[in-house]
Amino acid sequence: MNNQKQQKPTLSGQRFKTRKRDEKERFDPTQFQDCIIQGLNETGSDLEAVAKFLDASGAKLDYRRYAETLFDILVAGGMLAPGGTLADDVIRTDVCVFSAQEDLETMQAFAQVFNKLIRRYKYLEKGFEEEVKKLLLFLKGFSESERNKLAMLTGILLANGNLSASILNSLYNENLVKEGVSAAFAVKLFKSWINEKDINAVAGSLRKVNMDNRLMELFPANKQSLEHFTKYFTDAGLKELSEYVRNQQTIGARKELQKELQEMMSRGEPLKEISAYVKDEMKKSNASEQTVIGILWTSVMSCVEWNKKEELVTEQAIKHLKQYSPLLAAFTTQGQSELTLLLKIQEYCYDNIHFMKSFQKIVVLFYKAEVLSEEPILKWYKDAHLAKGKSVFLEQMKKFVEWLKNAEEESESETEEGD
C-alpha cells in the first residue's frame, strides 16, 4: 500500500511583474497639458496644421480623460482656474482663441478646428458642451476682447450644429445678468449666429430647447420689458432679433387672451365684463382692433359643442352668435376690423364643412345686429374675399349684395332730394 501522499496539481508558469504603464494612472492633467501646449507651439498659427496635430495626438493622448484641459488650452491657452483666470505659473500657448485676431474670419477658422476634432473623436461632444457652459459662467473673468471672441465662436458653433442652444442657460446666471455681461455677450453671439444662418434657423434652434420665450431674461427683472429689449438689440444692429421677440410676445399674449376669453365665456360671465377685460388687454399689449376681433371670433366659436348635422348647425350658430353680437360689435368700429371679421367667417365656414351653407345667414345676422356694415360687405364681395370656397360664398351672397346696392342707391337719391 502506497502511503505516500498524492500531490495536488498546481498551476505553474512564469510570473510577470506588472509594468508601471499598465497600472491605473492617477489623474494628472499637467503632463497632458505640457504635451498639447508643446505640440501647439510647434505647429504655430497655421490652423490646418493645428487640426492635423490634434487629430494625430488623439491616438496617443487620453482625450476622453482630459477633455476639459484640452478645451481650456484651445480656448484660453492653458488650464483655467475657477473663475476663468490663468494661473501665473501655468505654461501657456498663444495658439488659442483668446490670443487670436478678433474678427469673424479667424473665429470661423477656429470653429473648423473644433468641428474636425469633435467629428474625429465623437466622445468629445458632451465634454465640449460642458466646457462651453463653464466658459460662459466664467465670462466676468475674461477681458472684453476675449468675451467678444468667445461670443463669435459660440455663435458659429451653434450655427454649425456643434452645440445645442441649451448652453445659453449659463447666460441666465444672476451675476452675469445683473452686470450686463449676458446681454452684451448675447449681442455678439447672435450677430455671428444670424450671419452664418438666418433668424428662422436661430428661432428653430431656440424653440427646440424651449429657449424661445426666455430671451428677456438676459436683462435684470426691472428691465425685462419688450420696449427695453427691442431698443437694446435694435440699437446693437439686431433688428430681426427684436422683431422675432416682439412677435413671440404678441403670439404669447394672444394665446393667453384667447384662453382667458374661452374660460370667461364658458363661465357665462356678462358681456360687459368680457368687453372691459378685452379693452384692458388691448391697451396692455398695444394690440390692434383687427387682431382682437380675430381672437374674439375664434373664442366665440370655440366655446360651444357644434351639431354635426348641417341642417341643424346653422340654427344653432345663429342663436349662439346673436347672443355674442353686442360683444363683437364693440370691436368692429373700423372698416378694416369688419373686413377682418368677414374673412375670419369665410375661413371658418370653409374649414368646417358643415358650416358651408351658414355663411350668408351669419353675415346677414351681423348686418342686422350692426356688427357689420354695407361698405365692408360690398368690398369683400367685390375684391377682398379669400380664394377659399369663394364661388360658393359669392353665390350665397349674391341676392343680399344686390339688395344692399339697391338700398344704398335709394339712400343716395333720398339724400339728393332732401338737398
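Nothing fancy with the numbering, it's 1 onward along the sequence.
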- Below 4.5 Å, heavy atoms only, C-beta onward: do Val75 and Phe142 meet side chain to side chain? no

Item checked: Sub-6.0 Å ring centroid separation between His385 and Phe393 -> no

TODO: Say whether, by atom type as modelled, one donor and one acceptor occur between the side chain of Asn173 and the main chain of Leu137 under 3.5 angstrom.
DONE: no

message = Using modelled atom types and a 3.5 Å cut-off, is there a donor and acceptor pairing between side-chain atoms of Glu347 and backbone atoms of Leu386?
response = no

Side chain to side chain donor-acceptor pair (under 3.5 Å) filter on Gln346, not counting sequence neighbours, yields Trp380

Open item on the list: Do Ser145 and Glu102 pair up side chain to side chain, a donor and an acceptor below 3.5 Å, judged on atom types alone?
Closed with: yes

- Message: Using a 6.0 Å cut-off, check whether atom CD of Glu105 has over 12 heavy atoms from anything other than its own residue.
- Response: no

Looking only at heavy atoms, the pair that brings Ile156 and Ala111 closest together is CG2-CB, 3.6 Å

query = So do Val177 and Glu217 actually touch side chain to side chain, heavy atoms under 4.5 Å?
reply = no

### Message
Between Glu375 and Lys382, does any NZ, NE, NH1 or NH2 come within less than 4.0 Å of an OD or OE carboxylate oxygen?
### Response
no

Between Gly44 and Val50 the two heavy atoms that sit nearest each other are O-CG2, 3.8 Å

- Classify the side-chain pair Gln316/Asn307 by whether it contains a donor and acceptor separated by less than 3.5 Å. no

- Please check if the side chain of Glu146 supplies one atom and the backbone of Ser143 the other of a donor-acceptor pair under 3.5 Å. yes

Heavy-atom count around Glu315 CD within 6.0 Å, excluding the residue itself: above 12?
-> no

Set out, in order, the CA-CA distance, both residues' side-chain angles and the distance that settles side chain to side chain donor-acceptor pair (under 3.5 Å) for Gln101 and Thr106, then state yes or no. CA-CA 6 Å; Gln101 289 271 83; Thr106 306; 5.7 Å; no

| If we ignore angles and hydrogens, is there a donor and acceptor under 3.5 Å between the side chains of Gln112 and Gln108? | no

Does a sphere of radius 6.0 Å around CD in Glu370 hold more than 12 heavy atoms from other residues, nucleotides or ligands, not counting ones at 6.0 Å or beyond?
no

- Any donor-acceptor pair under 3.5 Å linking the side chain of Ser192 with the backbone of Leu189? yes

Nearest heavy-atom contact between Asn41 and Asp94 is OD1-N, 4.3 Å

In the structure I gave you, are the side-chain heavy atoms of Leu61 and Tyr66 within less than 4.5 Å of one another anywhere? no

- [ ] Answer yes or no: are there more than 12 heavy-atom neighbours, outside Tyr350 itself, under 6.0 Å from its atom OH?
- [x] no

- Query: In terms of side-chain heavy atoms, does Ser164 have a donor or acceptor partner in Glu129 at a distance below 3.5 Å?
  - Reply: no

Is Ser299 reaching over with its side chain to a backbone N or O of Ile295, donor-acceptor style, under 3.5 angstrom? yes

- For the residue pair Thr314 and Ser358, confirm or rule out a side-chain donor-acceptor distance under 3.5 Å. yes

Sorted by chain and residue number, the salt bridge (Lys or Arg N to Asp or Glu O under 4.0 Å) partners of Arg120 (sequence neighbours excluded) come out as Asp55

Q | Cys349 vs Ile362 side-chain heavy atoms within contact, under 4.5 Å | A | yes

Do Tyr324 and Met265 have side-chain heavy atoms sitting under 4.5 Å apart? yes

- Query: Hey, what's the ring geometry for Phe128 with Phe71, parallel, tilted or perpendicular (30° and 60° as the breaks)?
  - Reply: tilted

message: Taking NZ in Lys357 as the centre, count heavy atoms belonging to other residues, nucleotides or ligands within less than 6.0 Å. Is the count above 12?
response: no

Keeping the roles fixed (side chain from Ser182, backbone from Tyr172), state whether a donor-acceptor pair exists under 3.5 Å.
-> no

Donor-acceptor pair, side chain of Arg246 and main chain of Leu226, under 3.5 angstrom: no

In short, Ala159 meets Glu196 closest at the heavy-atom pair CB-CB, 3.4 Å

Taking every heavy atom of Thr291 against every heavy atom of Ser288, the minimum-distance pair comes out as OG1-OG, 2.9 Å

Taking the side chain as everything from C-beta on, heavy atoms only, tell me whether Ser225 gets closer than 4.5 Å to Phe219.
no

Just wondering, are more than 12 heavy atoms of other shown residues or ligands nearer than 6.0 Å to NZ in Lys134? yes

Test ring pair (Phe, Tyr, Trp, His ring centres under 6.0 Å), reference Tyr348, set Phe355, Phe359, Trp306, output is Phe355

- Item | Main-chain N/O of Met264 paired to Glu269 side chain as donor or acceptor, under 3.5 Å | no

Note to self: Could you check whether any side-chain N or O of Lys149 sits under 3.5 Å from a backbone N or O of Ala100, counting only pairs where one atom can act as donor and the other as acceptor?
What the structure shows: yes

*Heavy-atom side-chain contact between Lys259 and Glu263 under 4.5 Å*: yes

Query raised in the report: Sub-3.5 Å donor-acceptor pair from the side chain of Thr340 to the main-chain atoms of Gln290, do we have one?
Result: no

Does the side chain of Leu54 come within less than 4.5 Å of Tyr63's, by heavy atoms? yes

